[in-house]
Every structure is written in C-alpha cells, then in structure tokens.
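Counting starts at 1 for both ligands and their atoms, in listed order.
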Amino acid sequence: MKVEVIAVGGYNEVGRNMTAVRCGKEIVIFDMGLRLDQIMIHEDAEVENLHSLDLIEMKAIPDDTIMNTVEGTVKAIVCTHGHLDHIGAIPKLAHRYDAPIIATPYTAALIRQQIEGEKRFVVNNPVFELPAGKKYRYEISQHLSLEFIIVQHSIIDAAMAVLHTPRGAIVYALDFKLDRTPVLGDPPNIARMREVGKEGVLALITESVNVNMPGRCPSERIAQRLVRDVMTCYEDEKSAMFVGTFASNIARVKMIAECAHEIGRKPVLLGRSMERYSSTAEQMKLVGFPRGMTMRGNRRTVDKMFRTIMKEGRDKYVPIVTGSQGEPGAILTRLASGQTPFKIEKGDKILYSAKVIPNPMNYGQRHTQEVLLRMKGARIFTDLHVSGHAYREEHYEVLHLFNPQHVIPAHGDIDMTGGYLKLAESCGYTLNNDAHILRNGQRLLIN
Ligand SMILES: [Zn+2]
C-alpha cells in the first residue's frame, strides 16, 4: 500500500492547518483551519459570507485545490481540537468531500457551531464524536481505523490522532503539550503513546510552534499561580479587577473564576465568544464553574451587567473578558475607548492572562488598548500566562515514545519546522531520508 502525505496548509506558517494522508486509494484529511492573522478572525469577525476561493486567495484557508490532483477518495475529515486554525475552514471546505467529520466531543460541538454559523455554503457532512481512549475506535474503512490519545493544549478535549494502517500507525500530533498536572481534564496518556510506538509508527506528523524553546512548557498550574498571586494582592482594595484571556481556554477561565470566588468577588464572563465556549463546555458537563458565576454574551446584556457593576460596586466583581489581542469590538477594547457604561477609574486593575499572538496587527491593537487604559489611570499586569504548545524536551519525549520511521514537522514557519529538523537530526534522523520538511502544496511518498 502506497502511503503519501500531502501538505495542504500550515507548513509555511502558524495557522490554516490541513494535511491529507493517502493510503492506497483512500484519503484521510486532518484539520481544516483558518489562518488567524490573515483575516479579522477574532470573536466579532464575519467570515460567514466569504467564498472559499476568496479566502484561499487571501491565504486565510488552506488551498485544497491540490486535492484534485490526488488520486483516491476522501474517507474522513479528522480534527484534533477546537481552535479555529484547525476547524475554522470546515464551513468553507468540508462540503467538497463526501466524508464524515470525526472529532472529540467538545471539538465536535464547536465544529457544529461553526457549520451552523455558515451563510455561504450548505455543509451536510455528518459530525461524529470519538472520545479519546484505546477502547474507542472509529473504523474508517476495511483498512483504516482511527483512535485519539488524550493530550493537553490551551483548549479542553485536545487529542493526538492515530491512524492505524496496514503499514503501521500514522500519528498526527497537532497541537499539544504534555502537562502532567492539568487544572482541567486528564493528564496525557503516555502509556498509550509508548504502546503505539511499540506497535510500530510509520510516520509522526507533529506541530513545531515552540520547538525552539528549551526545556518543557510550564504546566497550566503555573499560570494559575501567576494569576492568583496578583489577584490576592488586591483582595481588600476597592478598585475594579478585570482579567482578559482567550475565550477558548476553558481551564484558564475556570481557574480565574475560582480565584475571584476565593477573594470574595463574583466572577462574570463577558463577551460573545467567552459565553459561547464556556456555556458549551458547561452544558456538556466538561467543566464546573463556581456557583453564582454569570455569563453575558451579546452587547445589550453585557452593558446591562456593566451598569449593575457600577451600581453595586466595582470591588464586588471580577469580569473575565475578551479583547486581550486588542480586537475591535471586544470588551477590553470597548472599555479602553470608553464605549461601555462601566468607566475605568484611577487604580483599576487590568490583568492579561494571555500573550499577544505574535503578528503586527495584534501588537498594534494591543498597544493602543494599553495606552488608552493607562491614560484612564488603569494599572496593567501582563503575561500572566503559559503556552499551550510543547517545548523542545516534550518534543524529544514524544519522538522517543513513538519512535517513528519518518518524522514530518508541521504547523510552523520554516524557523519552527527547521528547529524541529535540528532536534530530529540530533536524534539520528536525516533530512530527506526519514525526516522531511514540507512546504504548502508539496507531497511526500513514504517508501
Ligand atoms: Zn491549537
């Protein structure tokens, strides 16, 4: 059986991930993502009306026209977690393939929301839930089956995908970190990774975002300490305390809400995406929030909550809000420019439990936001955050657990995939022999 890896998107950049694996005449697609910085993809962005070809032209989604030249039938579309750079192009591309979409339960719920929000295309692909774990297998065809292995990332229910083929397993490891002490969900299933490695791995396709960072990515527990340290310092103050973070990082949101509860303030989630990600996770019983926590999504209810906070006292609440990237229309941005009923006063605290996703647009917007907040007298706390992407020593560990015949770094620009190559070479792999650097649109036949 011929096995071929087709690098569709995410090999020249961070974002718009898509990889196809052809086994004989059967093809499995992994991820269909949006590139976050090519479009205003933040919570209030409107891509629903755009056409696939325009988005491909903008380099915002993977250029899957290459699939027309690949001989075979797409049997499944597999997504490993619910970030938009992995599922965001499903509403634009999935309908071109007569294949089901398979994902872990929370990811599947987010995919369904994406499809429901689509205005341009009718997407009828069935969406199947496959929980992580050896006992859950999805039979794609007579020759191919799929399994998810639990890992950690900056969103819950993230998994590595293992495609079992007659030639051995193909592991698709985008995105992950190995956090042995997560604040939500189970630790990584290292035992199963080792087992799959022993059974035989033909190829490991792996993210490479943080491979150039030495050591290990700090546990989510560290972010918890960083946030708690600051919050508890101002327990007795009368000033306001806002925390901005990524809406999709449910573990972080939960932890901040618990900290608020501990210091005697009511946590309240504000912002459309903040409400959507958290309420979905809560309805699915994947997370429990402190009692008395409220969520407000649309602008009218958010502003009503702001008026309540003004009336009852700014020291009674901790609003957990969107806008840490300076996105137009997000809560922190509106606060900074004075567009909310809540008015920032001297000494109010703004905590950023998020890093700025590194692109010029975000840097500019976030800078503007901070300057405006400071002008109103706010005190700013930045980088109360840890990454969701594995550092070099976690990559080293995963490489040894799976012990793959071939390794293909993905999800990164050339600095990142090249950084991974260096690591692979130090472990005995050689370029173009059993370690492969692919660029968007390139194909690799695995001998
Ligand atoms: Zn991700």
Is the Y420-H395 ring centre distance short of 6.0 angstrom?
->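 Aromatic pair counts; centres sit under 6.0 Å.
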
Classify the ring geometry between [X] and [Y] as parallel (under 30°), tilted (30 to 60°) or perpendicular (over 60°).
{"X": "F30", "Y": "Y172", "value": "parallel"}
{"X": "Y396", "Y": "H400", "value": "tilted"}
{"X": "H51", "Y": "F121", "value": "perpendicular"}

Kindly confirm whether the Zn ion (ligand 1) is within less than 2.8 Å of some N/O/S atom in H153?
->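 Yes.
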
Measure from the Zn ion (ligand 1) to each N, O or S atom of H86 and report whether any distance is below 2.8 Å.
->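 False for H86.
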
Measure the shortest side-chain to side-chain distance between E425 and L431 over non-hydrogen atoms and say whether it is less than 4.5 angstrom.
->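 The answer is yes; the side chains approach within 4.5 Å.
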
Please give the atom name: the N, O or S atom of [X] nearest to the Zn ion (ligand 1).
{"X": "D175", "value": "OD2"}
{"X": "H81", "value": "NE2"}
{"X": "H83", "value": "ND1"}

